[in-house]
Amino acid sequence: MKRNAESGAAARVATLLDDATVRIAATLGLEKREARLEARVLATHAWNVAPAWLIAHDTDTPDPSARTRFETLLARRLAGEPVAYLSGRREFYGRTFEVGPAVLIPRPETERLVELTLERLPPGAPLSVLDLGTGSGCIAITLALERPLARVTAVDRSSAALAVARRNADILNATVEFLDSDWFAALAGRRFDLIVANPPYVASGDPHLNQGDLRFEPASALAAGSDGLADLRTLAAAAPAHLLPGGWLLLEHGWNQAGAVRSLLHAAGFADPATWRDLAGQPRISGGMLSENFTPDSGGSQPISGKSA
Ligand SMILES: C[S@@+](CC[C@H](N)C(=O)[O-])C[C@H]1O[C@@H](n2cnc3c(N)ncnc32)[C@H](O)[C@@H]1O
């Protein structure tokens with residue numbers, strides 16, 4: 001690209017970004033601030049430049065091929081494709097993860113799940129952790145990097161997702177054991193100090209599946225039966241057989257599923273399940289500790305006394 005004075009204001013970087021911002025905001029119904037951020041992400045990706053370059057070079061005129069690359073990405077965004085899939089990356093817990101259509105785009109509420117997990121993993125203890133449904137690997141890799149002494153295992157049923165997770169672990173230099181597994185199927189006889197999961201929890205008929213980013217994300221990462229609880233049911237019931245005494249299970253779920261998930265945890269033998277709110281104030285994570293003297297038939301009849309924090 002060359003610094004320009006003569007070839008027309010319409011082609012300058014600043015003008016292209018302004019135009020794209022207006023079109024993204026109008027077409028996708030985004031706030032102008034968010035639309036501008038997206039326009040900048042698309043431009044940095046199209047031109048392979050750092051964000052600061054866009055400011056320093058705002059009067060440059062992109063050459064025709066650079067402009068075409070930007071406009072192609074913009075057209076795909078205007079058609080609804082998630083900006084994270086177009087740029088191929090998403091920030092999570094301060095690190096950049098590669099993402100693509102094989103994996104769920106990591107969400108900010110899942111960072112809260114990671115925080116709650118880290119609170120239960122003292123830095124000096126070599127505890128074992130299992131991440132169920134790892135997708136991009138964002139939870140498992142973050143835990144492995146934040147707690148280098150922990151032994152982190154991660155499973156997914158999607159081999160395409162596992163390929164993305166393994167690549168992220170390589171790029172970020174994290175040690176994680178990845179397994180191709182239908183939930184606990186490949187983990188017979190293994191027990192962990194903590195199990196964490198952000199499983200599919202959207203009801204299969206939920207109209208949100210046909211809106212926004214969700215239209216482009218793998219259905220196998222989102223939908224879980226007619227009430228959205230199918231996988232949460234499976235995980236709550238099966239987790240005790242894979243937890244050490246006193247071990248924790250932490251589950252992300254939908255904003256209206258906290259009571260149901262606490263019931264499932266009680267029924268499975270977790271003594272006093274609790275629910276935590278995400279950064280937006282929604283009750284989105286529930287979990288419990290397996291009692292030290294848990295036996296398979298000691299759960300089931302306890303009253304629901306869960307609390308929200
Ligand atoms: C909601 S996504 C979560 C991805 C990632 N952990 C995150 O938080 O961004 C759920 C993940 O569970 C995986 N999954 C769905 N059913 C599964 C099953 N039966 N066994 C293992 N993984 C499964 C999906 O492939 C998907 O990667």
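When a ligand or atom number is given, it counts from 1 through the structure's own listing order. Everything numeric in this text was worked out from a predicted model, so none of it was measured.
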Need the ligand 1 atom indices (1-based, order shown) with element for anything under 4.0 Å from a heavy-atom of [X].
{"X": "D182", "result": "18 (C), 19 (N), 20 (N)"}
{"X": "T110", "result": "8 (O)"}
{"X": "I139", "result": "6 (N), 8 (O)"}
{"X": "G133", "result": "3 (C), 4 (C), 5 (C), 6 (N), 11 (C), 12 (O), 13 (C), 22 (N)"}
{"X": "S220", "result": "15 (C), 24 (C)"}
{"X": "S181", "result": "20 (N), 21 (C)"}

Can you tell me which residue and heavy atom of the protein come closest to [atom], and the distance to 0.1 Å?
{"atom": "atom 9 (O) of ligand 1", "result": "C138 SG, 3.5 Å"}
{"atom": "atom 17 (C) of ligand 1", "result": "W183 CZ2, 3.4 Å"}
{"atom": "atom 22 (N) of ligand 1", "result": "R157 N, 3.2 Å"}
{"atom": "atom 1 (C) of ligand 1", "result": "A221 O, 2.9 Å"}
{"atom": "atom 5 (C) of ligand 1", "result": "T134 O, 3.3 Å"}

### Task
Return yes if a side-chain donor-acceptor contact under 3.5 Å exists between Y201 and Q257, otherwise no.
no
### Query
Just by distance, with hydrogens left out, do T275 and R262 show a side-chain donor and acceptor under 3.5 Å apart?
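There is such a pair between these side chains.
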### Query
Taking the six-membered ring for Trp, is the centroid-to-centroid distance between F184 and H242 below 6.0 Å?
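F184 vs H242: aromatic centres under 6.0 Å.
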### Where at least one partner belongs to residues 83-94, residue pairs that pass side-chain hydrogen bond (donor to acceptor under 3.5 Å, both in side chains), sequence neighbours excluded
E91-T96
Is there at least one pair of N or O atoms, one from [X] and one from ligand 1, spaced under 3.5 Å apart?
{"X": "D231", "answer": "no"}
{"X": "P199", "answer": "no"}
{"X": "N198", "answer": "yes"}

### Query
How are the rings of F92 and F97 set relative to one another: parallel (under 30°), tilted (30 to 60°) or perpendicular (over 60°)?
perpendicular
A side-chain contact here means heavy atoms from C-beta on lying under 4.5 Å apart; do [X] and [Y] qualify?
{"X": "L290", "Y": "P245", "value": "no"}
{"X": "D156", "Y": "F178", "value": "no"}
{"X": "L116", "Y": "W248", "value": "no"}
{"X": "V129", "Y": "D193", "value": "no"}

### Message
If you take the nearest heavy atom of each of I105, D156, L132, which one is closest to atom 24 (C) of ligand 1?
### Response
D156
